[in-house]
Asks: 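Sharing a structure below in structure tokens format, with a few things to ask.
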Amino acid sequence: MFTITIDGKKVQVPRGTTILNAARDLDIDIPTFCDHKYLIPFGSCRMCVVEVEGTDRLFASCVVPVTDGMEVHTNTARVTRAREAVLELLLTYHPLECPVCPQSGRCLLQDLVFEHGRDYGRFGHIEVEKRIDHLSPLIEMNQNRCILCGRCVRICDEVQAEGELDFVNRGFPTVVEPNFAKPMDCEFCGQCVQACPVGSLYSRIFKHTAPTWELTQVRTTCPFCGVGCTLDLEVKGDHIYHVLGVDDEGSNNNGFLCCKGRFGYEYVHHPDRITEPMVRQEGELVPVTWEEAYRHIAQKMEKIRSQDGPDALGGISSARCTNEENYLFQKFMRAVIGTNNVDSIARFGHFPGMEALRKAFGVEAPTNSLNDLQHSDLIFALDSNITEDDHVAGLKVLKQVRSGKAKLITANSRGVKITRFADVWMQHNPGTSVALLNSMAFVILEEGLEDEKFCSNRVTGLDELRESLKGFAPEKMEPVTGVKSGMIREAAKAVASAENVTILITLGGASPYTGEDTVAAAANLALITGNVGRVGAGILPLSEYNNVQGSMDMGALAEFLPGYQPVTDEGIRAWFEGQWGVSLPAGPGLDAVGMIKAAAEGKVKGIYIMGENPLSSFPDRERVIEALKKLDLLVVQDMFLTETALFADVVLPTSCGPEKNGTFTNTDRRVQRIRKAIKSPGSTRDDWKILIELSETMGYSNQIGSAMEVLEEITRMVPFYAGIVPERLEKNGIHWPCPRPDHPGTEVLHSDRFPSGLGRTRAVEFHEPKKATANYPYLLVPGTLLYHSGTTTTMAGGLNAVAPTAIAEINSADAKELELETEDWVRLTSRKGITEVEVKVTERSMAGTIFVPTHFREVPVNALIEYDPVKERGLTYVGIERIERIDVQRKPGESQVTKLKKTVQEIQDKKRRAAKESGLGDSGG
Amino acid sequence: MGNDSDKLIVIGMGTCGLASGARGVLAEVEQQMDKISINVPILKTGCIGMCYQEVLVDVSLPGMARVTYAKVEPEMISKIIESHVVKGKPVTDYAIGQITSNGEKIYKGIPTYDEMDFFKKQNRIVLRRCGFIDPDRIEDYLDSDGYQAAEKALTTMSPTIIREVVKRAGLRGRGGGGFPTGLKWEFCANAAGDPKYLICNADEGDPGAFMDRSVLEGDPHAVIEGMIIAAYAIGAKYGYIYCRAEYPLAIEKLITAIGQAEEKNYLGENIFGTDFSFHLKIKEGAGAFVCGEETALMASIEGKRGMPRSRPPFPAHKGLYGQPSNINNVETFACVPPIILKGADRYAGIGTEGTKGTKVFALTGKINNTGLIEVPAGTQLKEIIYDIGGGIVGGGRFKAAQLGGPSGGCLPAEIVDTPIDYDSLIQAGAMMGSGGVVIMDERTCMVDVARFFLTFTTAESCGKCVPCRMGTRTMMGILDRITSGDGTMEDLKNLEELGQEIKNTSLCGLGQTAANPVLSTIRYFRKEYEAHIIDKRCPAVVCKDIISSPCQHVCPIETDVPAYITLIGQGKFSEALELIRMTNPLPAVCGRVCHHPCESMCRRGDLDEAISIRTLKRVAADFAAQEEIAGKYSIHVKKISGKGKKVAVIGGGPAGLTAAHYLGQSDYSPVIFEAQRIAGGMLTLGIPEYRLPRDTLQHEIAAIEKMGAQIHLSTPIGDKISFEQVRLDHEAVFVATGAHVDLKMGIPGEDAQGVYESLTFLRKINLGEQVPLGKKVAVVGGGNTAIDATRVALRMGADVSILYRRTRKEMPADEMEIEEALNEGANLELLVAPVKVLTKDGKLTGVECIRMELGEPDSSGRRRPEPVEGSEFEMELDNLIVAVSGQPDLGFLGDDHGLSISKWNSIDVHPYTQMTNVEGVFAGGDVVTGPWMVIDAIAAGKRAAAHMELYLNGEEVVPQYSVTIPNTEPVDALELSEEDMHLVRPGMPTMELEKRLGDFAEVELGFTRDMAVREARRCLRCDTEE
């Protein structure tokens, strides 16, 4: 530790601390433009100069490390003079267009100029004309306003690993420019926008809409992926104008966001939002009052229940809705209707994976927190496209790997961003992850690389495992996995020899649908190498839905009451009955698969769907349609009139995340608040409120008046949520388990023991995916895109401008054989169905596979997908029978690019109209 | 003639040699040898330093000194081969020097290198092999101690000892920073990390610097050997030479040399059988100057944008790829082997206390011997300029030296004795830099120089930090304003402040020094900046935006020269005269006696000879006068109404006449009081009639009278009319009484009878008085008055000797006048100074003189005359005319005039408005300046009139500066024929010599009409250049 004196105040800081950071410790404010908490000090703006005693030079405090006994002065006349000179120079060439600048009011240059309050003018004002980029979707760049602090360039490189922006030219003509001076074409994370201290990079959605000083910030949690970034919605009236990432102590995102979190909020204001309850009358959905709607539902449900029993009704809950809503939903189904037929989309991806973890470790949740990644020295990313699916978590991986602190081993059939940074990239055949993992475990045990101490103290089932792995020598598996045995051995040894290994797996839409087995095999690997129960060592199966973990925690599962308490356990049931004041059904209900099947068979007659769109998200679309058609009652509670809602008898319009209060539980078990920022449109109501009112209509009173009161009930019913009382969430999120209000929450599970005592390794069978036979020569790889989350974001104009439609990726070898070129359209035919999509020829996807994004209504990928024929539960890889080129009527010359431009134009026009309406003129630029 | 293989022909094939045509010379040598069937080995060397003498060819015969031939053209080869190579007789006409290395025999009639000025003061350590070995042959290098230092270091010394030796030798970084090399190595050696890197900075980017290039081209192994030793001393396993891609030849030589060194295992694994391994690679820079900065250089090697970063961490700890690294430049590495081989003490014995050893400089600019030199540290600038550099091109005056490239500064002539070492240069506001020395003469504008260097740094700034990126650009903007005449004194202040701010706050060395060229020129040449700002003048006539044409710009009255010359070219003499008269009421006078600064700046003079601007003015006046006589033309005179305010002009010389003219043009009523019975002042009293015929002068004075100005002749102020009275009677007074009192030499016997003072002498003659003059006459002095007195005395039949204490080169008189005086029979005694007038009975009998010799150059580059002891000699004389200088007689002012008077007895005025400290009194001409030029007196008169007008109108008298612009609509340039392009300046027709003695008729006869028209067509009309 060094002791230094700044402005007469003493402080102790570790060696290597910069003067600037030491001053911050003392709450001494030193102005700077280029410094950024998460970036390597750059030293370019020279605003932060200070005087150091004993030297005659001025030092840039952001880059100069302290020395012991150093005496620093931050506010001498010389220092002030130098800072004023810097400001003066910047201002001399800075366009004084504050009235039209989107940053006005929070511009650092503006602030510092005011603060230094000098009359600038030694050099007058000099106009310089540089480029303004009007063409990039989402982000605009005005080089005239740029002060070249380089934050954007550095954040784009150091944080995003994109390098889309860089300095071009030398000397005064230096500008920040996207690659090859084209419109920006990048991840559109907007980190650059938020980092820009002036109005040089800005959201094109936000510009010319509202003055910054009229915006109110409402802190909430991002509603898109499982990372659960903390952000501020900037609102005025009932409109969200802007979004800022928040770097809160307890947040997951260090202030970073992805394109969805930053620019995806437009869906909230989409004109297609439904605002009135509707009931189908004579084949048409007709607006009714809420009371009418409730009455209609209640009557129909009563009727079904009385005719066919409560189990003729089912409910599908939502991985998007809050914990409180999921809780109330399952409670409604169980306590009010009296059936355990309640489930959610978690059934297809996340839940199977979590079950594997429960079987191995005893808890159905990821073992560690995302922030833990900074303590791993090896990250093994399995079937993970983390930078697209859980973007901000991906940044943590990139940082750890690029700073050399961790090795990265990836197993991905498709080339994605992180494979570029991998030390080892095993490009295995899709669907062979289990074989690959088993091979790795084989190598470790064969070579005696297992963590003996851990195995003997904390693991059981090793013999069973050893036995089951016999056939998995990497050499033998080579033809199956397509990965060279040497590479597998190298990867296995690396995993075995690293200190702290985190295994990342993405569950859900993006992953191959063998969730449970894959996670089970990965858990084996973690157990034998002793990588559980420590900071930086564990398994993180990540979700791409914001609250899939929470929906499960809340009991939106056919077999569990809230808190994974089995419905079959009498004692537990009795306790719930006591608390809820009703009697509860005893046997496990139908899960999502079962409900659809039963509906198709006519056994289930009424389904209540909250915030889910099975028609586009459940496999085997045809079967879903068949099922929905047969229902006597379909209630759909949603923001939009989804494809599913078109089949509904009753449609209930709901508010969305920014319009309500509640909590989400993100992918690392962190329970976080969402807050109401704006009023929801029309007569829409919050989901939780609807559930309470509907319960009332059906004669059950919850005696609850707010979402937070629901949370209070949850803390009583779910033991590991017991300490997560509403007040505690005001500041930060809390990781469950948190058994008591004074408990800090638990970031790392299993540190001392597993709930069941020992961790269990077990044999994981490998089922080779449907072979690429002559009938099904191609394998469908459905997946997600960085720019979208589910289908919601396709209602956000800005994101649509970047990724307007589904484009399937096909390997160049296949393209050659099929005589396909980029922008051709193809028809894909599987055993289950047909869909049509535009293709792009690429090397990212393996030969023999076709990648198709799942977000777009017009390309229903789920039409092709079927259930896992082995378990009839999860999903499986789908063989594609035929890929045929089809002629699609397109205007001559209309390529993706022209489409994109059109979309951009539309957004522009819309903005302009909106601006006009709100009385703000459009002043160009 | 012995075996051909014992002989050697050496050809300088460095970049400078190649640029001068070395390839052609080589081909010719080969061809000539083929022709006569001999086969002498040819050695292709790098630059020996004498770039100005390229192509250099040396011939070495067994047992004989090696002879250097300079500026060799292919045509000279056959003679050299035939005579020297074959017959053993050097061609002394072509040879510039010879050098021996092992007691070879010396040829007669050719100076040895040691005798050559260029080499005399040099001490070549780094350059010792350059020009003597073939850089492509490692054998040559090995034959001259090559790799012995490396072997010694690696096999007998520990890294610690090597570092100690280098420290003791006092070697400091030759890249410019001057950081102690041994210490730098120690930091890196002690830093933890593996591997370590050693980098050679060969990104030499300063304008005018090519030291590193020459070393790399001429002796690449020296750098490699230095790097091997350094690598061993710090424990580096890998090395890079970062060489700019603009040095293809250097890179080629390096590639060859590295290959050879690897082959011989001087590079690679287990060098000299030791455990030490070192691998060396070349990295080509892409042309960014900032990549010479070490952190940017390392970024560039890593493939990143070449931008500097802050230090710490220093490269010694975290350098290339984050590993401990050490960077030195080419010259530093080249210094290492000799230090190791010959010992630290020997090296430390050279140079100064703070700067040991030698330094290589690249000498460029307006200097005779451009090239590469190596001198001991501490050598004075003037030794480099005058001794080694051979002085300024064309005998010009040394004005400034720019040292250290864009980071350095300009040192003025006044501090030419600055010793060149790191600390003195920093103190003087420059820096050693990598060693570029750019010499500048009087025709270099220092503001423009500052702008040039700043343009460079502005363009080469990486753009990272605000002060450098925006500050330099802002300074550029200010300099642009100043050089186009729009600058203000505020700008100058801002330049200094901003320069200091940039210095204080920039990130890297480039920014921290970017302002130096500006700050150092302001420090030493502030007047020149002020001239641009206040006077809107560029004294060196460089800054295009404030000059219309150089001739007009330097003319004190801004005569629109190009326009009148074009009119003359069209044969329109009277129109030309009218144009001239707009700015000059005395064109015929000036056409004869003006010292024509215009011609000295004439652009045509850069090509062949200046336009005869003065004579063309004269012919315009003369031919217009002829037309006037013929009644075809009359001078346009605007008459005075007589209603204007009355203004007194005391003194009817050029200043007074001009002031009266312009006051009259503005309709004031000027009254001229002239003490003599004839007007014209010094034009009448000082200038002999053979130069300025009385009628010509009076014709122009008559025009002023015709306008309505009153001239009261024989009316000295002070006697009948007091100065006070004049003031009372007039609204304003212009004092222009000249400087008619001679100054004395201050030697014994000066008052003796027979000693004349030149002004008195000429005045008497010019007024027609009788002056007795003996046969033997001497005139003391070298100015125009001395020459006038000489030629007058010659016309009076005397034998005249001119005694001047310096050489003819230094004589201030008009060259043409001196020439004519000599033609007319004067005898010029140079380097002679009178010490005593010899008298007998109060009467002069002769003069005792002492011989002088020229000593060290002073700041003006002129060598100071110093007496040679014991060289006194006597001269018998009848008369001695002393023409030293003069001063005004201010007796007429009375006692209570209240005017501020200088210590030279002249009147103090504002230099531009001519206003004195006394209400309503202005002064100008020689009474202000002392004896000076006619045109300056006219200019003073003009300025006085303009500012008196302000005064008379009750306005504030502030200077009315402006940039030079043509007085009229620009006259279109003439269309020139092919023939016109080849016209040459005609000589001035003069009166035959025989007719001159005893006669005061005009000697110079002027041009014929045809001559005048043709001469006018030589004008380049540079005023019309964009």
Side-chain angles (χ1 to χ4, degrees), chain A residues 16 18 33-34 40-49 51 56-67 78-79 81-94 109 121-124 126 128 146-150 153 157 163 166-176 404, chain B residues 286-291 295-296 304-314 317 321-322 454-478 481 488 490-491 493-495 497-508 510-512 514:
Chain A
T18 60
F33 288 111
C34 66
I40 298 167
F42 196 52
S44 72
C45 75
R46 319 310 283 175
M47 258 320 264
C48 68
V49 290
E51 238 176 287
D56 53 358
R57 278 191 47 206
L58 293 172
F59 288 91
S61 59
C62 67
V63 283
V64 176
V66 299
T67 52
R78 255 182 94 208
V79 165
R81 188 68 212 94
R83 287 180 189 159
E84 284 173 353
V86 168
L87 283 172
E88 183 179 19
L89 284 171
L90 287 173
L91 211 56
T92 299
Y93 299 94
H94 191 87
L109 180 62
R122 269 193 301 176
F123 316 120
I126 301 167
V128 183
C146 177
I147 59 169
L148 285 179
C149 66
V153 171
D157 172 24
D166 208 338
F167 298 106
V168 175
N169 303 330
R170 280 196 296 236
F172 190 82
T174 306
V175 288
V176 169
Chain B
F289 178 67
V290 74
C291 285
T295 57
K304 297 176 188 156
R305 179 180 163 90
M307 281 201 304
R309 60 158 175 79
S310 246
R311 294 166 303 183
F314 289 95
H317 295 110
Y321 302 115
L454 195 67
T455 307
F456 182 85
T457 31
T458 304
E460 292 295 339
S461 161
C462 79
K464 183 173 175 179
C465 74
V466 174
C468 176
R469 176 180 79 240
M470 306 189 113
T472 54
R473 162 69 169 243
T474 306
M475 288 180 81
M476 275 299 297
I478 297 176
R481 266 208 301 282
T488 62
E490 188 74 14
D491 278 335
K493 185 174 141 251
N494 287 343
L495 265 187
E497 278 178 13
L498 182 56
Q500 208 56 51
E501 284 154 12
I502 295 171
K503 229 176 150 136
N504 286 341
T505 54
S506 287
L507 194 161
C508 81
L510 189 149
Q512 285 158 13

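Chain naming here is simple, since letters A, B, ... match the order of the sequence lines and numbering starts at 1 in each.
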Asks: Tell me, yes or no, whether the heavy-atom count around Ile40(A) atom CD1, taken from other residues, nucleotides or ligands under 6.0 Å, exceeds 12.
Replies: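 Counting other residues, nucleotides and ligands, CD1 of Ile40(A) stays at 12 neighbours or fewer.
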Asks: For Ser506(B), is it the side chain, the backbone, both, or neither that has a heavy atom closer than 4.5 Å to a heavy atom of chain A?
Replies: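 Looking at Ser506(B), just its backbone touches chain A.
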Asks: Checking heavy atoms, do the side chain of Ile147(A), its backbone, both or neither come under 4.5 Å from chain B?
Replies: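 Contact with chain B: backbone only.
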Asks: What part of Ile502(B) is in contact with chain A, defined as an atom under 4.5 angstrom from a non-hydrogen atom: side chain, backbone, both or neither?
Replies: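 Nothing of Ile502(B), per the 4.5 Å heavy-atom cut-off to chain A.
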Asks: Of the backbone (N, CA, C, O) and the side chain (C-beta and beyond), which part of Arg305(B) lies under 4.5 Å from a heavy atom of chain A, both, or neither?
Replies: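 The side chain, not the backbone.
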Asks: Do Lys464(B)'s NZ or CZ and the ring of Phe167(A) fall within the cation-pi criteria of under 6.0 Å and 45°?
Replies: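 So Lys464(B) doesn't make the cation-pi contact.
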Asks: For chain B, which of Phe33(A), Tyr93(A), Phe59(A) has the most heavy-atom pairs under 4.5 Å?
Replies: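 With the most close heavy-atom pairs to chain B, the winner is Tyr93(A).
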Asks: In terms of heavy-atom pairs under 4.5 Å with chain B, which of Thr174(A), Leu58(A), Leu148(A) leads?
Replies: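 Heavy-atom pair counts peak at Leu148(A).
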Asks: Is Val168(A) in contact with chain B via its backbone, its side chain, both, or neither, using a 4.5 Å heavy-atom distance?
Replies: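 Contact with chain B is through the backbone of Val168(A) alone.
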Asks: Does any part of the side chain of Phe42(A), heavy atoms only, come nearer than 4.5 Å to the side chain of Met307(B), both counted from C-beta?
Replies: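 In contact.
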Asks: Scan residues 166-175 of chain A for pairs that pass salt bridge (Lys or Arg N to Asp or Glu O under 4.0 Å), counting only residues two or more places apart or in two chains.
Replies: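 For residues 166-175 of chain A: Arg170(A)-Glu460(B).
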Asks: Heavy-atom pairs under 4.5 Å with chain A are the metric here; pick the option from Cys468(B), Pro308(B), Gly471(B) that has the most.
Replies: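 Most heavy-atom pairs within the cutoff with chain A belong to Gly471(B).
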Asks: Give, as side chain, backbone, both or neither, the part of Gln500(B) having an atom under 4.5 angstrom from any heavy atom of chain A.
Replies: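 Contact with chain A: none, neither part.
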Asks: With a 4.5 Å cut-off on side-chain heavy atoms, are Phe172(A) and Thr472(B) touching?
Replies: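 Thr472(B) vs Phe172(A): side chains apart.
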Asks: Compare every heavy atom of Arg46(A) with every heavy atom of Thr505(B), then report the nearest pair and how far apart it is.
Replies: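 Where Thr505(B) meets Arg46(A) most closely, the heavy atoms are O-NE, 2.6 Å.
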Asks: With rounding to the nearest 0.5 angstrom, report the CZ to CD distance, Arg57(A) to Gln512(B).
Replies: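 It is 4.5 Å, given to the nearest 0.5 Å.
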Asks: Heavy-atom cut-off 4.5 Å, strictly under: side chain, backbone, both or neither for Asp56(A) against chain B?
Replies: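 For Asp56(A), no heavy atom lies under 4.5 Å from chain B.
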